[in-house]
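Sequence lines set the chain letters: A, B, ... in the order given, protein chains first and strands last, and positions in each chain run from 1.
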Amino acid sequence: MTDADELRRRTQELLADHPPADTAPPDFLRARFDAGLAWVHYPPGLGGLGTPRSLQAVVDAELEAAGAPDNDPRRIGIGLGMAAPTVLRYGTDEQKARFLRPLWTGEEVWCQLFSEPGAGSDLAALGTRAVREETSGDWIVDGQKVWTSSAHLARWAILIARTDPDVPKHAGITYFVCDMTDPGVEVRPLRQITGEAEFNEVFLTGVRIPDAHRLGEVGDGWRVAQTTLMNERVSIGGMRLPREGGMIGPAARTWRERPELRTHDLHQRLLTLWVEAEVSRLAAERLRQQLAAGHPGHEGSAMKLGFARLNQEISGLEVELRGEEGLLFDDWTMRRPELVDFTGRDAGYRYLRSKGNSIEGGTSEVLLNIVAERVLGLPAEPRTDKDVAWKDLAR
Amino acid sequence: MTDLLYSEEEEALRAAVRDLLSDHCAATDVLARVERPTPYEPALWKSLAEDMGLAGLLIPEDLGGQGASHREAAVVLEELGRAVAPVPYLTSAVVATEAVLACGDPDLLGRLASGRELAALAVGLHVAPGTGPGNVVVRDGVLHGEVSGVADAVGVGVLLVPGDDGVLYEVEASGAGVSVVPQTSLDPTRPLGRVVLDGAAGRALGSAGPAVERALLAGAGLLASEQLGLSEWALTETVRYLKERRQFNRPVGGFQALKHRLAHLWLQVVNLRAAARSAAGALASGEDLGVSVSVAQAYAGGVAVHVTEEALQLHGGLGMTWEHPVHLYVKRAKSDSLSYGTAGTHRALLSALVDLPAP
Ligand SMILES: Cc1cc2nc3c(=O)[nH]c(=O)nc-3n(C[C@H](O)[C@H](O)[C@H](O)COP(=O)(O)OP(=O)(O)OC[C@H]3O[C@@H](n4cnc5c(N)ncnc54)[C@H](O)[C@@H]3O)c2cc1C
């Protein structure tokens, strides 16, 4: 069993063998992965040491103190937060060995080809088709995906597609890893309310995927996708933060630095939101402690609900707090950003970007349904689509 | 970072308290007694305080107590809240006991630890930490004055009275020149009384300021666990009821408008649990105490009131009856939201503590 002291020792060894000052960042990150210090809870050989996840903080603190480079999780959130746990759980040994290292070091960016124009909250209704080619055993994929963040940067995508239209919708889906450099993949920017294009439309025309890039069994893609979606919500709402670490941080700083902006009304509202932000932070911390103790709660998906609402309310308050400046916006130029930082740029950007927090990764309405049905055990909505073959559903 | 979970020992303590309360403090028992001057069965207090030793949880072992911490006391309060148990645990075994602990009086602590002596801090229940001294005047060695809104004062043996000379006094409730007049409280499970002192004798225990502050911080911090218990009962009971209750040929709990409301309540309860555990942990360790307690109290009152009010609404006409216990929870939750400082008062405290000053 590797304990905190042992992890500290191994980290110091890594730093001694690859001094950050004279090592190129990608080389350092590869060495860190190979030393099992990338994500310590992953298995040995795959960037980890099989130790409790909570011990990652020990490694991170040592590396930060030594000024070591990190893999900039803001750039590769989908890979780290969604693709990796799914590959780990359902991937073959070859897939794990091929994909996880460059995913973690950030050399290969991932994106998520799930949503379609006709399948958002009702993701299982998706229509992108994957058909097996008799001769080669490869899968040929045709269809359209939408709202695909980072598709313009991605080397790989996690993709779900329909492989059997003759069974009910949840049963006919298969999960793949799609090569974004395939000539049949076309990525078009989709401009969003902030002016930039973080997400894209992705057209798939005759895209060829070898069967070796299938994750899980044929027809079992819906179950595999649950791992991705659960992890997505936890990674959106469950980041470990210090006090004032999230959206409340910039608002509180503005309040302290700009006494001339203060009013009594804003003061009460700011304090109320400060308290809620702190309580949410504690709840996320409690969830992490539960996970570390081996008692996963149902709270995971639900954390995102509170996170989304608070981000929106706090950034909205900050725009108001800024008074005259709140009427301005830093820049509407159309760009295709390299990274996403919810708390970055100016208050106006934060206000607009946070609107997406209650839509991406499952809308708040859908998450409330999940809490009500799976946690509280309330009756499910009456359904008309359960026992109908996908091809016979109304569209 | 504070441990926000429950230990195995804490879970065992919870199970024991819950067992006892389900046998001796069911909703019907509480309802049957609420309009009496002492709204609880003395036998129930004896089982909790003496037999289970809960009165002495916060008192060190060498003084006759259990030497446990606020984390355990918080678990007891969650269960007492869940049962709206009308027992003077928070007021005597937490608030008054903390005041005496601050003064370090072994004799009185020994009596409190045994559970046979009950004490009340003669400070109004609405008073928040950080509030100045009371208005009891000390002249020629005796006490004069009135303090109203003192929780669980009726029936205690000992009143702890802060005097205007900065001293905390132990006053015998049955002594000459002392009377405790019952008041009719919004929350009938936590009776209030007016303490009237007219030349009462008192024994000096120590300095009043720090003792009262310590007592009120503990009261405010652990009240959040009681509020958590109230909220949990209200949510669980409402979910149970709405799965059973049928209208329009389906369980009412299947309507999405209600499912979403209940999911929101659940999320608030999850948050409240984290805030309450954080406050209990801070009281136990002494670290980050003021902020943790005020964060919990700035949050808990609103949640407990909202969840219990929603429970009432979602029970329909039944929720409006005296017979259904939900009103006991609404009354306790509303009264708790004014106890040891309102959410607004705690936000004002935080304003100074976390450097977010008023205009
Ligand atoms: C910034 C951003 C980034 C994104 N990135 C990606 C990505 O990288 N990859 C990807 O695959 N997808 C991505 N998405 C897509 C996202 O997952 C979907 O937008 C989301 O699941 C909602 O689907 P929809 O847009 O089709 O809305 P719809 O499902 O059409 O919903 C419309 C409205 O109806 C409500 N609604 C729907 N069903 C119910 C119900 N049963 N009960 C109550 N209300 C309901 C919804 O909450 C919503 O308010 C992203 C979205 C955003 C905003």
Heavy-atom pairs under 4.5 Å with chain A are the metric here; pick the option from [options] that has the most.
options	answer
B:Ala348, B:Ser351, B:Pro251	B:Ser351
B:Gly254, B:Ala343, B:Pro357, B:Gly344	B:Pro357
B:Gln256, B:Arg277, B:His346, B:Arg250	B:Gln256

Are [X] and [Y] close enough that some pair of their side-chain heavy atoms sits under 4.5 Å apart?
X	Y	answer
B:Ser278	A:Arg286	no
B:Leu267	A:Val371	no
B:Asp288	A:Arg243	yes
B:Lys259	A:Glu381	yes

Would you give the length of the straight line joining atom [atom1] of [X] to atom [atom2] of [Y], rounded to the nearest 0.5 angstrom?
X	Y	atom1	atom2	value
B:Tyr299	A:Leu282	OH	CG	10.5 Å
B:Leu258	A:Leu376	CG	CG	12.0 Å
A:Leu271	B:Leu349	CG	CG	10.5 Å
A:Arg281	B:Asn271	CZ	CG	12.5 Å
B:Leu356	A:Arg253	CG	CZ	12.0 Å

Top contributor to chain B contacts, counting heavy-atom pairs under 4.5 Å, from A:Leu270, A:Thr272, A:Leu266: A:Thr272

Do you know the tightest heavy-atom contact between [X] and [Y]?
X	Y	answer
A:Ala372	B:Ala263	N-CB, 4.2 Å
A:Leu368	B:His260	CB-CD2, 3.5 Å
B:Val295	A:Val275	O-CG1, 3.8 Å
B:Val239	A:Leu378	CG1-CD2, 4.2 Å
B:Lys243	A:Gly377	CE-O, 3.1 Å
B:Ala358	A:Arg262	O-NH1, 4.1 Å

Count the heavy atoms belonging to other residues, nucleotides or ligands that lie under 6.0 Å from [atom1] of [X], then report whether that count exceeds 12.
X	atom1	result
B:Glu244	CD	yes
A:Gln226	CD	yes
A:Lys355	NZ	yes
A:Arg256	CZ	yes
A:Asp387	CG	no

Go through the structure and list residues passing ring-ring contact (aromatic ring centres under 6.0 Å, His included) with A:His267, not counting sequence neighbours. A:Trp255

Can you tell me which portion of B:Arg240 sits under 4.5 Å from chain A's heavy atoms? Options are side chain, backbone, both or neither. neither

Report which part of B:Val291 has an atom under 4.5 Å of a heavy atom belonging to chain A: side chain, backbone, both, or neither. side chain

Heavy-atom distances under 4.5 Å only: say whether [X] touches chain B with side chain, backbone, both or neither.
X	result
A:Ser364	neither
A:Glu260	neither
A:Ile370	neither

For B:Thr2, is there any backbone N or O sitting under 3.5 Å from a side-chain donor or acceptor partner on A:Gln289? yes

